[in-house]
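In this chain, residues are counted from 1 in sequence order. All figures in this text were calculated on a predicted structure; none of them were measured in a lab.
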Amino acid sequence: QVQLVESGGGLVQAGGSLRLSCAASGDIFSIYALAWYRQAPGKQRELVAAITGGGSTNYADFVKGQFTISRDNAKNTEYLQMNSLKPEDTAVYYCAADRYFGSVQTSPTYWGQGTQVTVSS
C-alpha cells in the first residue's frame, strides 16, 4: 500500500514556473514507478511524465523540454518541475504509483488527491 499527497500547485502567470511535489508513505518507495498525470476541465486525464525507481524517464510529447520529472528516494518524494507555463497547462495534476513502469503509464494502482495548477494569460 502506498499513500500519495501532492503539493505545490497554485496560480502562476504565463511564462512562469512551478514545482509540484508528491510525498509518499506506506511501502518501500524506491521499488515503485511513479508518474504525473493531469486533467483539464472537460478533458480526459492524460499522462504527463513517468519515472522508474532507478530514474529512467518518459515524457508526453507535449511537455518535452518544458517539464522535468524527478524523484528523491531518500525523501520518499517525487517532483515535477514545470517551466514556461502556458494557459493550456491549467489542470489538476495527480501523482501516481505502481510496481511496474508500464502500468504506471496506463493504469496506476495508487493515486494522489490532485493539486490545482492555474496559468493565467
Side-chain angles (χ1 to χ4, degrees):
Q1 289 284 341
V2 175
Q3 294 78 45
L4 304 170
V5 179
E6 302 97 334
S7 61
L11 175 65
V12 63
Q13 288 190 331
S17 298
L18 280 176
R19 188 176 80 157
L20 305 182
S21 298
C22 177
S25 61
D27 205 338
I28 303 172
F29 180 75
S30 61
I31 69 174
Y32 282 84
L34 306 170
W36 288 96
Y37 285 74
R38 70 183 186 186
Q39 187 167 20
K43 295 188 176 181
Q44 289 191 334
R45 193 174 298 189
E46 59 185 358
L47 175 69
V48 174
I51 187 167
T52 66
S56 297
T57 58
N58 186 42
Y59 292 91
D61 287 342
F62 57 80
V63 298
K64 284 183 180 177
Q66 182 188 359
F67 293 1
T68 303
I69 188 171
S70 62
R71 63 190 295 164
D72 185 336
N73 290 337
K75 295 183 178 180
N76 286 4
T77 303
E78 174 192 21
Y79 303 99
L80 185 68
Q81 178 67 44
M82 304 186 294
N83 297 327
S84 303
L85 284 162
K86 310 165 191 173
E88 51 264 44
D89 295 316
T90 295
V92 178
Y93 284 72
Y94 298 88
C95 65
D98 197 277
R99 286 291 307 274
Y100 304 104
F101 192 51
S103 298
V104 84
Q105 299 178 82
T106 56
S107 54
T109 301
Y110 304 104
W111 291 93
Q113 83 288 351
T115 186
Q116 177 70 47
V117 171
T118 303
V119 184
S120 63
S121 57

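Of all non-hydrogen atoms in Gln66 and Asn83, the two that sit nearest each other are CG-O, 2.9 Å. Here the closest heavy-atom approach between residue Arg71 and residue Leu34 is recorded as CZ-CD1, 3.5 Å. Between Cys95 and Leu4, the shortest heavy-atom contact is SG-CB, 3.6 Å. When all heavy atoms of Pro87 and Ala14 are compared, the closest pair comes out as CD-CB, 4.1 Å. Here the shortest heavy-atom pairing between Gly112 and Tyr94 reads O-CD2, 3.7 Å. Of all the heavy atoms in Gly9 and Val117, the pair that sits closest is CA-CG2, 4.2 Å.
Side-chain atoms of Gln39 do not come within 3.5 Å of backbone N or O of Ala91 as any donor-acceptor pair. A donor-acceptor distance shorter than 3.5 angstrom exists from the side chain of Thr90 to the backbone of Val119, with no hydrogens or angles considered. Judged purely by atom type and a 3.5 angstrom limit, Glu6 uses its side chain to pair as donor or acceptor with the backbone of Gly114.
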Could you walk me through whether Asp27 and Gln1 satisfy the side-chain contact (heavy atoms from CB on, under 4.5 Å) test, starting with their C-alpha distance in whole Å, then the side-chain angles of each, then the deciding distance to 0.1 Å, before giving a yes or no? CA-CA 6 Å; Asp27 205 338; Gln1 289 284 341; over 6 Å; no
Pair Arg99-Tyr32, side-chain contact (heavy atoms from CB on, under 4.5 Å): steps then yes or no: CA-CA 5 Å; Arg99 286 291 307 274; Tyr32 282 84; 3.6 Å; yes
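Cluster annotation: Met82 and Phe62 are assigned to the same hydrophobic cluster (Ile/Leu/Val/Met/Phe/Trp/Tyr, side-chain heavy-atom contacts under 4.5 Å, transitive). At a threshold of 4.5 Å between side-chain heavy atoms, the hydrophobic network of Ile, Leu, Val, Met, Phe, Trp and Tyr places Leu18 and Tyr59 in one connected group. Connection of Val92 to Val12 is not established within any shared hydrophobic cluster, with ILVMFWY side chains joined at heavy-atom distances below 4.5 Å, either directly or through further cluster members. Under the 4.5 Å side-chain heavy-atom criterion for ILVMFWY residues, a single connected hydrophobic cluster contains both Phe29 and Leu20. When hydrophobic clusters are built by joining Ile, Leu, Val, Met, Phe, Trp and Tyr residues whose side-chain heavy atoms come closer than 4.5 Å, directly or via intermediates, Leu80 is not grouped with Trp111.
The distance from the CD atom of Gln105 to the OH atom of Tyr37 is 7.0 Å, given to the nearest 0.5 Å. Atoms OG1 and CZ, on Thr106 and Phe101 in that order, are 11.0 Å from each other to the nearest 0.5 Å. Taken to the nearest 0.5 Å, the CG atom of Leu85 stands 11.5 Å off from the CD atom of Gln13. Taking CZ of Arg45 as the reference point, atom CG of Leu47 lies at 11.5 Å (rounded to 0.5 Å).
Under the 3.5 Å distance criterion, with hydrogens and angles disregarded, a donor-acceptor pair is assigned to the side chains of Glu78 and Trp36.
Side-chain contact between Ser103 and Thr109 is absent, with no heavy-atom pair separated by less than 4.5 Å.
At a threshold of 4.0 Å, the pair Lys86-Asp89 does not count as salt-bridged, since none of the basic side-chain nitrogens sits closer than that to a carboxylate oxygen.
The number of heavy atoms from other shown groups lying within 6.0 Å of CG (Leu11) is above 12.
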